[in-house]
Amino acid sequence: MHLSSRPAVSDAPAPDPDVLPADARPLSRAAKGEVGRVIRVGLDGALHDSLDPEELERRLLEIGFVEGARVEILHEGLFGRDPIAVKVDDMRVALRRREAEAILITAWHQPAAPRAIAADAIAKDRRS
């Protein structure tokens with residue numbers, strides 16, 4: 001490996017994976033129309049009624065529920081709001097709410113487009 005291909009070393013502390021954002025919650029508690037971002041997948045040792053927690057985590061990751069994925073609740077079942085139809089990035093998936101309990105999400109914050117940032121800067125210059 002060449003020296004130039006090594007990643008830069010930062011003095012900043014690594015983010016603590018156990019510290020969750022204040023708005024973190026299970027996907028199972030989201031309502032129709034909500035959009036979020038996956039921050040963690042797994043039950044952390046909690047028991048699931050039909051699957052081993054590691055097996056459930058593996059299946060959810062294979063489907064596409066990976067950290068950073070954009071999720072949106074598209075539809076809820078009529079009885080008990082179960083199952084739910086979820087858009088994961090560009091794919092649609094149906095899940096039971098008890099399976100969605102293993103997926104932690106936060107609110108989706110769309111990054112500002114470079115043109116929008118430039119337009120804000122121009123508007124501020126004109127005001128001053």
Side-chain angles (χ1 to χ4, degrees):
M1 172 155 68
H2 297 288
L3 290 176
S4 61
S5 64
R6 288 187 183 168
V9 177
S10 173
D11 291 333
D16 186 357
D18 293 329
V19 176
L20 297 174
D23 65 341
R25 64 178 194 249
L27 179 62
S28 61
R29 296 188 192 152
K32 183 178 175 182
E34 286 191 54
V35 179
R37 180 177 53 88
V38 175
I39 57 171
R40 185 187 295 175
V41 177
L43 290 170
D44 295 331
L47 294 177
H48 188 266
D49 60 350
S50 62
L51 286 175
D52 179 52
E54 290 83 22
E55 178 67 13
L56 177 62
E57 179 179 351
R58 184 187 65 77
R59 288 182 184 191
L60 291 171
L61 291 170
E62 285 178 355
I63 291 171
F65 289 99
V66 295
E67 187 176 324
R70 181 184 185 275
V71 294
E72 178 182 358
I73 306 296
L74 299 174
H75 183 74
E76 298 175 328
L78 293 176
F79 303 106
R81 298 176 37 221
D82 206 21
I84 57 175
V86 181
K87 184 177 180 182
V88 184
D89 289 332
D90 292 329
M91 182 177 54
R92 286 165 178 77
V93 178
L95 290 175
R96 296 180 201 142
R97 287 210 181 255
R98 64 179 179 244
E99 294 164 345
E101 187 74 25
I103 303 166
L104 282 180
I105 64 167
T106 60
W108 179 260
H109 300 289
Q110 185 71 24
R115 288 185 180 176
I117 294 170
D120 288 343
I122 291 170
K124 286 180 184 177
D125 280 346
R126 290 183 181 166
R127 283 183 260 164
S128 48

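No experiment lies behind these values; they were computed from the predicted model shown.
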With side-chain contact (heavy atoms from CB on, under 4.5 Å) as the criterion, how do L61 and V66 come out once you've worked through the C-alpha distance, each side chain's angles and the decisive distance to 0.1 Å?
CA-CA 6 Å; L61 291 170; V66 295; 4.2 Å; yes
What's the spacing between L95 CG and E101 CD if we round to 0.5 Å?
12.0 Å
Using side-chain contact (heavy atoms from CB on, under 4.5 Å) as the criterion, point out the one residue from V41, D89, I105 that pairs with F65.
V41
Which atom names give the shortest non-hydrogen contact between A69 and V88, and what distance separates them?
CB-CG1, 4.2 Å
Please say whether more than 12 non-hydrogen atoms of neighbouring residues, nucleotides or ligands are located less than 6.0 Å from CD in E34.
yes
Between E55 and R58, does at least one N-O distance fall below 4.0 Å, as a salt bridge requires?
yes
What's the spacing between E67 CD and R40 CZ if we round to 0.5 Å?
9.0 Å
Quick one: CD1 on I103 to CD on E57, what's the gap to the nearest 0.5 Å?
10.5 Å
For R29, the side-chain hydrogen bond (donor to acceptor under 3.5 Å, both in side chains) test, sequence neighbours excluded, returns none
Taking C-beta and beyond as the side chain, do M91 and I63 meet within less than 4.5 Å on heavy atoms?
yes
When rounded to the nearest 0.5 angstrom, what distance separates CD1 in I73 from NZ in K32?
11.0 Å
Kindly compute the distance separating CG (L104) from CG (D23), expressed to the nearest 0.5 Å.
11.0 Å
E76: what forms a salt bridge (Lys or Arg N to Asp or Glu O under 4.0 Å) with it, not counting sequence neighbours?
R81, R97
Please name the pair of heavy atoms, one in L56 and one in A102, separated by the smallest distance, quoted to 0.1 Å.
CD2-CB, 3.9 Å
